[in-house]
Amino acid sequence: VQRADVDTQTQLAADRIAPYARRTPVLRATADGRPVVFKLEHLQVTGVFKVRGALNALLAADPRPPRVITASGGNHGLAVASAASWLGIPATVFVPGTVPEIKARRAAAAGAEVVRVGQRYADAEQAARELAGAEGAYYLHAYDDPAVVAGQSTAGLEIAQDAPECDVVAVPVGGGGLLAGVSAAVAPRQVIAVEPAACASLHAAVAAGQPVDTEVDPSSAAGSALGATRIGQIAFAAWNAFGAGLAKVSDKEILAARDRLWEEFRLAVEPAGATAFAAWLSGQVPGDLPCLLLTGANATWSPS
Ligand SMILES: Cc1ncc(COP(=O)(O)O)c(C=O)c1O
């Protein structure tokens, strides 16, 4: 991985997506008497960082695809549906039956055709790829695509520019698109890759020495968003290049972190979006001033 190339791709992506995506704020705060910085990416348009990658991929494709097909456990589908509608591209999103209703509903509201297939992300992905292959349509992968990773890296660029004093950045990991992009953009800061215990595809890949299929517990609170059965090749290569630290959090810790974000900071974040804070609360994020990426807000949830 060449740093100059990474910087160029990140800056190109930032310029491409700027008319559509928000530059989300950082919040300097204190928790348990220690300073932390939250990157409020759950305030991104569509309620999730994924729109950065979806926008960059669609804007970088030349020629502009006449139609886009994707598969997603929810947030990527919503992001693709929204980005495609802004660019006037018809979109079809395959989702597993387990997808939370709010994500499917928001993707449909953005104008996409939403098709439910099977119970796992892998089932939806297979059906989406088959249709894209049969119709010669553009298939937009949720994380293992260089243009998607470059789009996600813009969140890291904003951290490096807006909170340069942070020495560590903690990132939730599903398929690892965000991890790959942010690792490159915030280097040489240390990155902590945080996975729910119920779906830890990066941990499994590190143990096996290569990306491998893993079990995803469908009952997990964060699993519907983070439940990629296999870490991306790009993410695994980025992990090898940048050497992120690994952290694992339980569902209970994730939900407790989500509740504390609301209780103490009035931040309404979905479970998957609270995993970096959960890792910090459990002492797995080192550093004098860590930046914790809060990534999404698409859950049906009423604050108490
Ligand atoms: C809210 C949220 N945070 C983090 C992630 C992790 O992103 P990635 O798949 O790029 O690892 C996802 C999706 O997987 C997500 O929906």
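Heavy-atom basis, side chains included; hydrogens, waters and symmetry copies ignored. Everything numeric here is computed off the predicted structure, so don't read it as measured data. Throughout, numbering of the chain's residues begins at 1 and tracks the sequence.
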Between R230 and E215, does any side-chain N to carboxylate O distance fall below 4.0 Å? no

How about C291 and V168: do any of their side-chain heavy atoms sit closer than 4.5 Å? no

Flag the pair F277 / L261 as yes when at least one side-chain heavy-atom distance between them is below 4.5 Å, and no otherwise. yes

Would you mind reporting whether L267 and W262 have side-chain heavy atoms less than 4.5 Å apart? no

Less than 4.5 Å apart, any side-chain heavy atom of I192 and any of P286? yes

Could you tell me whether R260 and E264 make a salt bridge, using a distance below 4.0 angstrom between a side-chain N and a carboxylate O? yes

Does E253 pair with R258 as a salt bridge, N-O distance under 4.0 Å? no

For a side-chain hydrogen bond (donor to acceptor under 3.5 Å, both in side chains) check, start with the C-alpha distance between R67 and T92, then their side-chain angles and the critical distance, and finish with the verdict. CA-CA 8 Å; R67 179 174 177 207; T92 304; 2.9 Å; yes

Same cluster (ILVMFWY, side-chain, under 4.5 Å), V80 and Y139: no

With a 4.5 Å cut-off on side-chain heavy-atom distances among I, L, V, M, F, W and Y, is there a chain of contacts connecting L178 to V148? no

What are the two closest heavy atoms between A200 and K248, and how far apart are they? CB-CE, 4.0 Å

For the pair L281 and D32, evaluate side-chain contact (heavy atoms from CB on, under 4.5 Å) and give the outcome as yes or no after the intermediate values. CA-CA 9 Å; L281 287 172; D32 291 341; 3.8 Å; yes

Does either side chain, that of H42 or that of T295, offer a donor lying less than 3.5 Å from an acceptor on the other one? no

So side-chain hydrogen bond (donor to acceptor under 3.5 Å, both in side chains) across residues 13-30, not counting sequence neighbours, yields Q11-D15, R16-N56, R23-Q161, R23-D162, T24-K39, T24-E41, R28-E165

Nearest heavy atoms of T214 and A228, plus distance in Å: OG1-O, 4.0 Å

Between F38 and L293, is there a side-chain heavy-atom distance shorter than 4.5 Å? no

Between S250 and A197, is there a donor-acceptor pair closer than 3.5 Å when you use the side chain of the first and the backbone of the second? no

To the closest 0.5 Å, what do you measure between CD1 (I231) and CG (D144)? 8.5 Å

Is the shortest distance from a Lys or Arg side-chain nitrogen in R52 or E158 to a carboxylate oxygen in the other one below 4.0 Å? yes

Would you mind listing the cluster partners of V26? Hydrophobic ones only (ILVMFWY), side-chain contacts under 4.5 Å, chaining allowed. V37, L289

Kindly give the heavy-atom pair with the smallest separation between A257 and A274, and that separation in Å. CB-O, 3.7 Å

Side-chain heavy atoms nearer than 4.5 Å, only ILVMFWY residues, links allowed to pass through others: does that put V99 and V114 together? yes

Should N75 and T46 count as side-chain neighbours, where that means a heavy-atom distance under 4.5 Å? no

Angle between ring planes, H141 versus Y143, binned at 30° and 60°: parallel, tilted or perpendicular? perpendicular

Is there a donor-acceptor pair under 3.5 Å between the side chain of R129 and the backbone N or O of Q126? no

Interatomic distance, OG@S220 vs CG@L255, rounded to 0.5 Å, equals 8.5 Å

Kindly compute the distance separating OG1 (T98) from CZ (R116), expressed to the nearest 0.5 Å. 9.0 Å

When rounded to the nearest 0.5 angstrom, what distance separates CZ in F49 from CD in Q44? 10.5 Å

Find out whether V249 and S282 are in side-chain contact, i.e. whether some heavy atom of one side chain is under 4.5 Å from a heavy atom of the other. yes

Does the side chain of K103 reach to within under 4.5 Å of the side chain of E270, using non-hydrogen atoms? yes

Share the residues that join I102 in a hydrophobic cluster, the rule being Ile, Leu, Val, Met, Phe, Trp or Tyr side chains under 4.5 Å apart at the heavy-atom level. none

side-chain contact (heavy atoms from CB on, under 4.5 Å) evaluation trace for W86 with V51: CA-CA 11 Å; W86 301 330; V51 78; 3.7 Å; yes

Membership question, hydrophobic clusters at under 4.5 Å side-chain separation (ILVMFWY): are L179 and V206 in the same one? yes

D213 and T229: CA distance, side-chain angles, deciding distance, side-chain hydrogen bond (donor to acceptor under 3.5 Å, both in side chains) verdict: CA-CA 5 Å; D213 283 335; T229 43; 4.6 Å; no

Go through the steps to decide whether E195 and S201 satisfy the test side-chain contact (heavy atoms from CB on, under 4.5 Å), and finish with yes or no. CA-CA 8 Å; E195 293 188 291; S201 62; 3.6 Å; yes

How close do L140 and A57 get, heavy atom to heavy atom, and via which atoms? CD2-CB, 3.9 Å

Between the CD1 atom in I69 and the CD atom in E113, the distance rounded to the nearest 0.5 Å is 8.5 Å

Between A180 and V149, the two heavy atoms sitting closest are CB-CG1, 3.7 Å

Is I254 reachable from L294 through a run of hydrophobic residues whose side-chain heavy atoms are each under 4.5 Å from the next? yes

Looking at every non-hydrogen atom in both residues, tell me the closest pair between A170 and A276 and how far apart they are. O-CB, 3.6 Å

Stepwise side-chain contact (heavy atoms from CB on, under 4.5 Å) check, N298 with L78: CA-CA 10 Å; N298 292 311; L78 169 58; 3.4 Å; yes

Can you tell me how far the OH atom of Y138 sits from the CG atom of L58, to the nearest 0.5 Å? 6.0 Å

Side chain of W280, backbone of L292: donor and acceptor closer than 3.5 Å? no

